[in-house]
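Indexing begins at 1, ligand by ligand and atom by atom, following the structure's order. No experiment lies behind these values; they were computed from the predicted model shown.
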Amino acid sequence: MMLLPKQSCKKVKGIVISCSFLLLSCAPKESLRVNLIPKPAYMEFSGGYLKVGSNQQTSKGESGSLTAVIDSELASGPEGYELVVTKQGITLRGGSEAGLFYGQQTLSQLLTPDGIPCGVIKDSPRFKYRGLHLDVSRHFFPKEEVMKLLDAMSYYKLNTLHLHLTDAGGWRVQIDKYPKLTTDVAFRTESDWRKWWDGHDRKYLPEGTPGAYGGYYTKDDIRKLVAYAAARHITILPEIEFPGHSEEVLVAYPELSCSGKPYQNGDFCIGNEQSIAFMNDVLDEIIELFPSEYIHIGGDEAGKQAWKTCPKCQALMKREGMQSVDELQSYMIHQAEEHLLSKGRRLIGWDEILEGGLAPEATVMSWRGEEGGIKAARMGHDVVMTPGNYMYFDFYQADPKTQPYAIGGYTPIKKVYSYNPAPSDSLTDGEIQHIMGVQANTWTEYIQTPEHLEYMMFPRALALAEIGWTPQEARSWKDFKPRMNAHIPVLQQMGLHPFTLSDELEVTMHVDTLKKQIEVMLDAEKYPEEIHYTTDGTIPTSLSALYEGAIIVKDSAYIKAALFKEGQLQGSPTEKKVDYHRGINKPIHYNSKLYKGYMAGGMNALLDGYRGGLTYLDGRWQGYLNDLDCVVDMEEMTDIHKVSIRFMQLTGPGVFQPGQVELFISGDGNNFTSCGIVPTTLSNTNPDLLFQEYTFNGDWKARYIQVKATEVNNGFIFADEIVIW
Ligand code: ACM
């Protein structure tokens, strides 16, 4: 055990008291409950409060001392702490300086207008890596904004800021040996990504060009950021992209590309030894600036096309006996690892670094789902989990209609919170030890301002913080929800611009084929919640049914539900059509090919009673790269009056409406009669998230129902659900 020197004790006390002032002025009056985020591993409150004087003087006989000690033998490990608050004072023991720091963060969150609640907290993180990623290439964020984020991160015990410093958007860190990286390709003609990149007229501009958009961190800026982070027990993990996502480098230094010309390639020419020399030189300067154990070398989404015909790349492949271009990428990553290890650092990269052979000691950041992470952990490599469909903060966090334009996807805070980074179904206890932690990524193609950035990160970063810190068994959405609501004003008090949570309701369903009914559950992000609903499609009022538990639907319901506050409807009602229809669980045969990546859980996805939601990644939408042609077998001759099928459209990722849908019926499964065609009414150039339901009404008798949807845009079509009455 080590007693803190007197001076540090004072410093500790100073931090606690000044944080207390922040909270004293911002804590909502009614929030006398404890609202700690992340929730500690263990806490027990004994009643009563330690009074904290607002003038920094303790009142006589009341709050007394703060004893802060570092105890390197503390059972909860170096980042752990134990906190005992009595009416007489506070004892804080930390496993290291970091543990003490986290104890202080907890103390500052504990302060209420009545003082600090008396009790005991024993706490330590679940994972040692708790990361937030920021893309400063697509849009540049000044160091003051990064510092603001570091402040917030430390308050929630996040300990790694992953800075994506280089990409096509512009190079963002000064490198002495390659000055053109910042003089020539850190600025561009347009800030707006849709105009600049998607508009296909992208050009970089020299530093100092009037009106040019961009920026970079000088070496001095980086040193300041690194020190600022370190004072908050945060490591900055720098990422420099190799071999792909390097369009800007290859404009400044086109000789490092396969074509040798600017604006032609995004991947380094790996057959060119100068590319490896460039990489090592840049890494040397990065190592000098950033003291992090790991250096991130990118590795994602290399196009690899130019390598197939480039004489230098082909010569290297021949010399090394490589069979595929994946091995070329792997060659470059191996070189990077060797170089980093020789300097006492370790390599981390996106999960594509598995392709062509993983470098011997590499750590993998799994973003294309968890598969890469699982594979790497099984191979004995360390892993950070950051799967896109949970951990991408550039995705929509509410109905896109109500939100600023985003890249797509849908990760509302409840979805984020539901993520467990340790896939115990897929990994043994030993392999799970390789899961170092979790990270959320904020790509900034469509995020231009600090306010928008904060809006996308917060409060989702609070869910991330709790995933990274709190034991899985101590976490629940129900418990997190009131705390997260209480932290919105705290975030605002910090000067951040959080999303203030959705007025929409989440609708989930359970299809019970035994009882032949569908149970519909409603949930809100806001707390406390008052939800009223109707089932006949009318707008709910405060006099409509109060939601108190699952709504049972035995046939069809058009549910409209809304959040109310003091009798007033908030936002617009959430709608859901629910049908326990006659096609549920009937056999289905596909004449066309299903796309393996988007099966929506299997062959009966179109007849399971569950309708797809706001994203094609929700496991409900079935995707096809060509036409959809399927036949439902009603198993006996059946009177049919209505058949409908719904498709989604999101042109950004290439999801379109079919040109038309045609319905056929048959009694014998061989001879089909057309019942009509419904064309799409939506434009294939509208970039919004759109849906169209194709409905056929009639009076038919048939056993077989065939639905044909025609793909006409050279993209995906996504369908759900076929409803048969
Ligand atoms: C990534 O999202 N390309 C890592």
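Aromatic pair Y624/Y595: centroids not less than 6.0 angstrom apart.
Here is the list of ligand 1 atoms found below 4.0 Å of a heavy atom in E301: 3 (N). Atom numbering of ligand 1 starts at 1 in the shown order; those under 4.0 Å from a heavy atom of W350 are 4 (C).
Taking the ring centre of F480 as origin, the terminal cationic atom of R475 falls outside the region bounded by 6.0 Å and 45° from the ring axis. Both the sub-6.0 Å distance and the 45° axial angle are not jointly satisfied by K415 relative to the ring of Y410.
The single protein non-hydrogen atom nearest to atom 3 (N) of ligand 1 is D300 OD2, 2.7 Å, given as residue, atom name and distance. Atom 2 (O) of ligand 1 has its closest protein heavy atom at Y392 OH, 2.6 Å.
C269 and C313 make their closest contact through SG-SG, 3.8 Å (heavy atoms, listed as atom of the first residue, atom of the second, distance).
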